[in-house]
Amino acid sequence: MGKQSSSWITMQKKRWPLMILALFTLSTVMVFFMRSAFDSCHSTPSSTNHHFREANEVPKAQFYSASHTPSVAPNPLDFMKSKLVLLVSHELSLSGGPLLLMELAFLLRGVGSQVVWITNQKPVEPDEVIYSLEHKMLDRGVQVLSAKGQSAIDTALKADLVVLNTAVAGKWLDAVLKENVQQVLPKVLWWIHEMRGHYFKLEYVKHLPFVAGAMIDSHTTAEYWKNRTRERLGIRMPETYVVHLGNSKDLMQVAEDTVAKRVLREHVRESIGVRNDDLLFAIINSVSRGKGQDLFLRSFYESLQLIQEKKLQVPSVHAVVVGSDMNAQTKFETELRKFVQEKKIQDRVHFINKTLTVAPYLASIDVLVQNSQARGECFGRITIEAMAFQLPVLGTAAGGTMEIVVNGTTGLLHPVGKEGATPLANNIVKLATHVERRLTMGKKGYERVKENFLEHHMSHRIALVLKEVLQKAKS
């Protein structure tokens, strides 16, 4: 495993040259620090999703094509100017939920909203990630408050809108607001990203039926929450809005800059010790069993065996695992590294530390693997980010991934669980051996992003929800 560790050290040493090369190209100054992860679909929902309000229709004459877009398109969130918005996150980390809420904070600040941020759960010891993210918000004009105390209560009472981020954030309501909860609930928008069963606890979501609305990232997740809350907890969901996410302008600038992508590709590949013509299949998620890195590595090893057995003529194939934690290796990550050692594929597998900046890695790989298990991703922000870089996606046929990836057109889907390992291995071989198919899928994915998953698409969808929630709060 020395190779992986030394690769990370090299990347750190070259971090500033990498940033400078990416930021300054022939004609563009680009910023891609904001990793908005985290966690879509066809414009027409399936028949099982008619319970939920659509927030997906964007006027094409205003937003879709350059020929119809005014030189300065109106921001759909302009009506939020001067509004006081309180954002409550269960934690502040590099995971999808908090980063997505941060992006909403910046969108609202961009139209002149007064935005206040509260993190409900913080470690006792100083944390570099929290420090960095809080200062990123402060630099953008977002006020950061302690989760407890009179200031938090006063802000919640005065706010025009309160956004609770994830189901776990519901614990903050009773713990802090106490007797003031009932005054605040009518102006609460609950933004839910979870798909795991252990989040369905009454202590988290008992106030859910009484808030102004719930905003969920995919139809699959919305249907799941509707059924589980009724069957398991005996409560009803409030008005529920499905809002598909979009890529930030910063990420799209990098994705569409040929010079920047070439520089990033060459630099990252040099740093991890692979050649320019090697094929890189990457999984970019926090390392955990639910994200399926173990099954991905098993599939990858199986694909190497298939290539060898069939004597296929392909470039050297590598697996990249972005989302590792070099400082605190978990039991699961130790298992991953042990598997790599046992199979003697250390020269083919590269572990990269978790990062706020994914653009360099998307520019350097050839295929994204989205291998989330069980019910899959609520949405899977990294999927549309990869498609922006014209990468095909090999994804599990579960959750939000099925609403993003068009099987056979923008990527290939495989079952979750162990039964999906061999199909994924076969799909890896298919894309390794068919260059034209790989490139065509990448182009189709990019077209799908341009039609459905840009920042202004997401802003428009969120604006439709916020308008209704504000109306309910007034009434």
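Scanning all heavy atoms of the two residues, the minimum distance from D277 to R269 falls at N-NH1, 4.3 Å. Between L279 and P315, the shortest heavy-atom distance links the atoms CD1-CD, 4.1 Å. The minimum heavy-atom distance linking E403 with S218 is given by the pair OE1-CB, 3.4 Å. In terms of heavy atoms, A463 sits closest to P76 at CB-O, 3.3 Å. Closest approach of A432 and V317 over heavy atoms only: CB-CG2, 4.4 Å. Residues A167 and W190 approach most closely at O-CZ2, 3.6 Å, considering heavy atoms.
Judged by distance alone, with hydrogens and angles left aside, the side-chain atoms of S113 form no donor-acceptor pair with the main-chain N or O of V115 at under 3.5 Å. Checked by atom type and distance alone, the side chain of S364 pairs as donor or acceptor with a backbone atom of Y361 at under 3.5 Å. For the pair T229 (side chain) and W225 (backbone), a donor-acceptor distance under 3.5 Å is present. With Q293 contributing its side chain and S286 its backbone, the two residues share a donor-acceptor pair below 3.5 Å. T330 places a side-chain N or O within donor-acceptor distance of the main-chain N or O of E333, the cut-off being under 3.5 Å. Proximity of a side-chain donor or acceptor of S324 to a complementary backbone N or O of N353 within less than 3.5 Å is not detected. Listed for the K261 side chain is a donor-acceptor partner under 3.5 Å among the backbone atoms of A255. One N or O on the side chain of T240 and one on the backbone of P238 form a donor-acceptor pair closer than 3.5 Å.
Electrostatic pairing of R381 and E103 counts as a salt bridge here, judged by a charged N lying under 4.0 Å from a carboxylate O. Salt-bridge annotation for E302 and K343: absent, with no side-chain N of the basic residue lying under 4.0 Å from a carboxylate O of the acidic one. Ion pair K206/D174 flagged as a salt bridge, since at least one NZ, NE, NH1 or NH2 atom sits closer than 4.0 Å to an Asp/Glu carboxylate oxygen. The pair R265-D366 meets the salt-bridge criterion, since a charged nitrogen lies less than 4.0 angstrom from a carboxylate oxygen.
For the residue pair Q370 and S372, a side-chain donor N or O sits within less than 3.5 Å of a side-chain acceptor on the partner. Defined by atom type and a distance below 3.5 Å, a donor-acceptor pair is missing between the side-chain atoms of H457 and H244. Side-chain contact check for R298 and T422: no donor-acceptor pair (N or O, by modelled atom type) lies under 3.5 Å. A side-chain donor from one of S93 and S95 sits under 3.5 Å from a side-chain acceptor of the other.
Each of K226, M237, E194, E223 was scored for a side chain to side chain contact (heavy atoms under 4.5 Å, CB included) with I216, with one residue passing: M237. H193 pairs with exactly one of T221, T166, N165 by the side-chain hydrogen bond (donor to acceptor under 3.5 Å, both in side chains) rule, that one being N165. Under the side chain to side chain contact (heavy atoms under 4.5 Å, CB included) rule, W191 has a single partner from V88, D217, V243, L87, which is D217. The side chain to side chain contact (heavy atoms under 4.5 Å, CB included) with H414 is formed by just one residue from the set L295, N407, L424, N426; it is L424.
Atoms CD1 and SG, from I192 and C378 in turn, are 9.0 Å apart once rounded to the nearest 0.5 Å. Rounded to the nearest 0.5 angstrom, F296 CZ and L336 CG are separated by 11.0 Å. The distance from atom CG of N247 to atom CG of N452, rounded to the nearest 0.5 Å, is 11.5 Å. Note that CG of L133 is 8.5 Å distant from CG of D127, once rounded to the nearest 0.5 Å. With rounding to the nearest 0.5 Å, the separation of CD1 in I284 from CD1 in I352 is 10.0 Å. Considering CZ of F389 and CD1 of I384, their distance stands at 12.5 Å, rounded to 0.5 Å.
More than 12 heavy atoms of other shown residues, nucleotides or ligands fall within 6.0 angstrom of atom CD in E419. Environment of CD in E231: crowded, with over 12 heavy atoms of neighbouring residues, nucleotides or ligands closer than 6.0 Å. A 6.0 Å sphere centred on CZ of F332 holds more than 12 heavy atoms belonging to other residues, nucleotides or ligands.
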Evaluation steps, salt bridge (Lys or Arg N to Asp or Glu O under 4.0 Å), between K354 and D325: CA-CA 6 Å; K354 56 187 178 183; D325 191 336; 3.4 Å; yes
CA sep, side-chain torsions, deciding dist, call: I235, V205, side-chain contact (heavy atoms from CB on, under 4.5 Å): CA-CA 9 Å; I235 62 176; V205 298; 4.2 Å; yes
Verdict with reasoning, I307 to V429, per side-chain contact (heavy atoms from CB on, under 4.5 Å): CA-CA 7 Å; I307 291 170; V429 174; 4.2 Å; yes
Worked check of salt bridge (Lys or Arg N to Asp or Glu O under 4.0 Å) between R289 and D294: CA-CA 7 Å; R289 202 171 299 279; D294 54 341; 3.6 Å; yes
Worked verdict on R461 versus Y241 for side-chain contact (heavy atoms from CB on, under 4.5 Å): CA-CA 9 Å; R461 293 163 188 154; Y241 307 88; over 6 Å; no
Candidate pair L189 and L161, rule side-chain contact (heavy atoms from CB on, under 4.5 Å), full reasoning: CA-CA 7 Å; L189 175 64; L161 173 70; 4.2 Å; yes
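Inter-residue side-chain proximity for H350 and V274 is flagged as met; some heavy-atom pair is nearer than 4.5 Å. Proximity of Y446 to L391: side-chain heavy atoms (C-beta onward) are nowhere separated by under 4.5 Å. Within the 4.5 Å cutoff, side-chain heavy atoms of W172 are placed close to those of L164. Using a 4.5 Å heavy-atom cutoff, the side chains of I365 and F281 are not in contact. Looking at F351 and V340, their side chains come closer than 4.5 Å, going by heavy atoms from C-beta outward. Looking at M252 and E455, their side chains never come closer than 4.5 Å, going by heavy atoms from C-beta outward. Under the 4.5 Å side-chain criterion, counting only non-hydrogen atoms from C-beta, V465 is not in contact with I462. Between T396 and P415, the closest side-chain pair of non-hydrogen atoms is not below 4.5 Å.
For the pair R348 and F300, the cation-pi criterion (under 6.0 Å, within 45° of the ring axis) is not fulfilled.
With sequence neighbours excluded, no residue satisfies salt bridge (charged side-chain N to carboxylate O under 4.0 Å, His left out) with E91.
Below 30°, between 30° and 60°, or above 60°: for Y301 and F339 the angle between ring planes is above 60°, a perpendicular geometry.
Applying the side chain to side chain donor-acceptor pair (under 3.5 Å) test to residues at least two apart or on different chains, none of the pairs has a partner in residues 430-444.
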